[in-house]
S.K.: 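One structure follows; several queries about it will come next.
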Amino acid sequence: MSISRIAESIKGSKNAVLDKLAAQLSGAGKIVIDLSKGELGISPPDGFLKNAAKAVTAGVNGYTETIRLPNLRDLVAEYANHKYEVEVGCDEIAITAGAKPALYSIALALINPGDEFIILVPYWSTFPEQVILAGGVPRMIDPGPEGVPAIDDIRRAVTARTKAILVNSPNNPTGLVYPDSLVRAIVDLAASECTFVIFDQSYYSLRYTDEMRSSFVAQTRGYDRAIIVDSFSKAWALTGWRIGYVCASRAIISLIKSIQTHINSSPNCVTQFALL
């Protein structure tokens, strides 16, 4: 029986494997500190939980519009503008079922067979697998001695097939925050090469120093090939509720909307109502 070579070539999430191992060890009476999946040890905000319960009681139980509950995109646009010091409108927002589907929809929206995504090492294990699933080729850039990649190494990796540079800061798994100067250089490089730059900002709210007092994403203001991916999982301890969003140009948001209609129709309706 012939099966998909692409599906065969990807690796399952290491988080899932480690999570299963942690459960087995815990079940055997071992004391386990599990840092594998980024689960917060706090509960979601009370207001969110109360509104979720209210939605269930009110019978909120149907599809919403593909990339939003009415009015939710407006509020998320305000939230993103305040958080990242950017200027996006509600038509530049797509509500998604977390950051992972957001990133996969972006890959599907951008990649033609053989197109390359530059990924900075170390990286979240899902990044290259999603690129491969979309028919692309991940290009890894190793870090220097300080854990930060050199802009010259990134520049040398850019080819005619480069479609995007993916920046994850604060970084998963190390927590490293990239210097503003590097991010500015990456944005300038992307602009000069007409390449997309994607910011995975899922860990932006978990900062314990004065670093990133202002958002380096603000440096992309006016660059229509900049894409921001964010999640409420870490910011508000909503990992299991599956809710996130994308900030991008209207053209990219339109593509994400079309893709999402065929993957999960719409994000969870109760989660959207509680978030609104």
Side-chain angles (χ1 to χ4, degrees), residues 6-19 35-39 94 96-144 147-151 153-154 157-159 161-178 182-183 186-187 189-190 193 195-204 206 216-217 220 225-231 233-234 239 242 244-248 252 255-256 259-260 263:
I6 290 179
E8 250 192 334
S9 70
I10 66 168
K11 304 177 183 70
S13 170
K14 292 173 184 170
N15 285 9
V17 175
L18 292 170
D19 190 36
L35 302 178
S36 64
K37 62 182 177 181
E39 196 79 75
T96 62
K100 194 177 287 188
L103 287 161
Y104 186 43
S105 292
I106 291 165
L108 290 173
L110 297 184
I111 290 173
N112 289 309
D115 283 349
E116 299 173 353
F117 262 45
I118 291 177
I119 297 172
L120 311 183
V121 178
Y123 55 85
W124 183 34
S125 60
T126 293
F127 289 164
E129 308 304 335
Q130 289 187 336
V131 171
I132 293 168
L133 280 171
V137 179
R139 293 284 304 273
M140 308 305 186
I141 306 298
D142 290 328
V148 177
I151 188 62
D153 290 341
I154 300 172
V158 174
T159 72
R161 301 306 302 267
T162 301
K163 187 57 69 75
I165 303 170
L166 209 167
V167 178
N168 175 211
S169 177
N171 178 264
N172 180 4
T174 68
L176 176 74
V177 174
Y178 291 136
L182 174 63
V183 178
I186 290 173
V187 173
L189 174 62
E193 299 290 341
T195 295
F196 288 90
V197 58
I198 302 165
F199 292 97
D200 178 349
Q201 296 295 102
S202 297
Y203 281 82
Y204 182 82
L206 301 186
F216 58 61
V217 177
T220 68
R225 291 182 182 239
I227 300 174
I228 303 169
V229 174
D230 196 6
S231 163
S233 292
K234 314 304 181 195
T239 52
R242 310 311 302 134
Y245 63 95
V246 178
C247 299
I252 296 299
L255 293 174
I256 291 172
I259 290 164
Q260 197 157 280
I263 293 179

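Since the structure is predicted, the reported quantities are computational estimates derived from the model, not experimental observations.
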S.K.: Can you sort out the partners of Y203 under side-chain hydrogen bond (donor to acceptor under 3.5 Å, both in side chains), two or more places apart, ordered by chain and number?
M.R.: none

S.K.: Does the side chain of L182 reach to within under 4.5 Å of the side chain of V148, using non-hydrogen atoms?
M.R.: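 Contact flag for L182/V148 side chains = yes.
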
S.K.: Give the minimum heavy-atom separation between I141 and A157, together with the two atoms involved.
M.R.: CD1-CB, 3.3 Å

S.K.: Measure across A102 and V229 and return the closest heavy-atom pair with its distance rounded to 0.1 Å.
M.R.: CB-CG1, 3.9 Å

S.K.: Residues two or more places apart in sequence or in another chain: which of them pass side-chain hydrogen bond (donor to acceptor under 3.5 Å, both in side chains) with E193?
M.R.: none

S.K.: Considering only heavy atoms from C-beta outward, does the side chain of P143 approach that of L120 to under 4.5 Å?
M.R.: no

S.K.: Under a 4.5 Å cut-off applied to non-hydrogen side-chain atoms, are S202 and S233 in contact?
M.R.: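 Contact flag for S202/S233 side chains = no.
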
S.K.: Could you pull out the closest heavy-atom pair between I6 and I132, with the gap in Å?
M.R.: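 Smallest interatomic distance, heavy atoms only, reads CG2-O, 3.6 Å.
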
S.K.: What heavy-atom pair brings P101 and R242 nearest, and what distance separates the two atoms?
M.R.: CD-NH2, 4.3 Å

S.K.: Do I227 and V197 make a side-chain contact, defined as non-hydrogen atoms from C-beta onward lying under 4.5 Å apart?
M.R.: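 Side-chain contact under 4.5 Å: no.
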
S.K.: For K100, give me all partners under side-chain hydrogen bond (donor to acceptor under 3.5 Å, both in side chains), at least two apart in sequence or on another chain.
M.R.: none

S.K.: Do I154 and L189 come close enough that some side-chain heavy atom pair is under 4.5 Å?
M.R.: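 Yes, close enough: below the 4.5 Å cut-off.
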
S.K.: Does anything in residues 97-124 pair up under ring pair (Phe, Tyr, Trp, His ring centres under 6.0 Å), and if so which pairs, sequence neighbours excluded?
M.R.: W124-F127

S.K.: What's the shortest heavy-atom distance between S169 and V177, and which atoms?
M.R.: OG-CA, 3.4 Å

S.K.: Name all residues meeting the side-chain contact (heavy atoms from CB on, under 4.5 Å) criterion together with T162; count only those two or more places apart in sequence or in a different chain, and write none if there are none.
M.R.: E116, I118, V158, T159, T195

S.K.: With sequence neighbours left out, what residues match S105 under side-chain hydrogen bond (donor to acceptor under 3.5 Å, both in side chains)?
M.R.: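 Testing S105 for side-chain hydrogen bond (donor to acceptor under 3.5 Å, both in side chains), a comparison that skips the adjacent residues, returns none.
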
S.K.: List the atom of A164, the atom of L110, and the distance in Å for their closest heavy-atom pair.
M.R.: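 Answer, listing the atom of A164 first, then L110: CB-CD1, 4.4 Å.
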
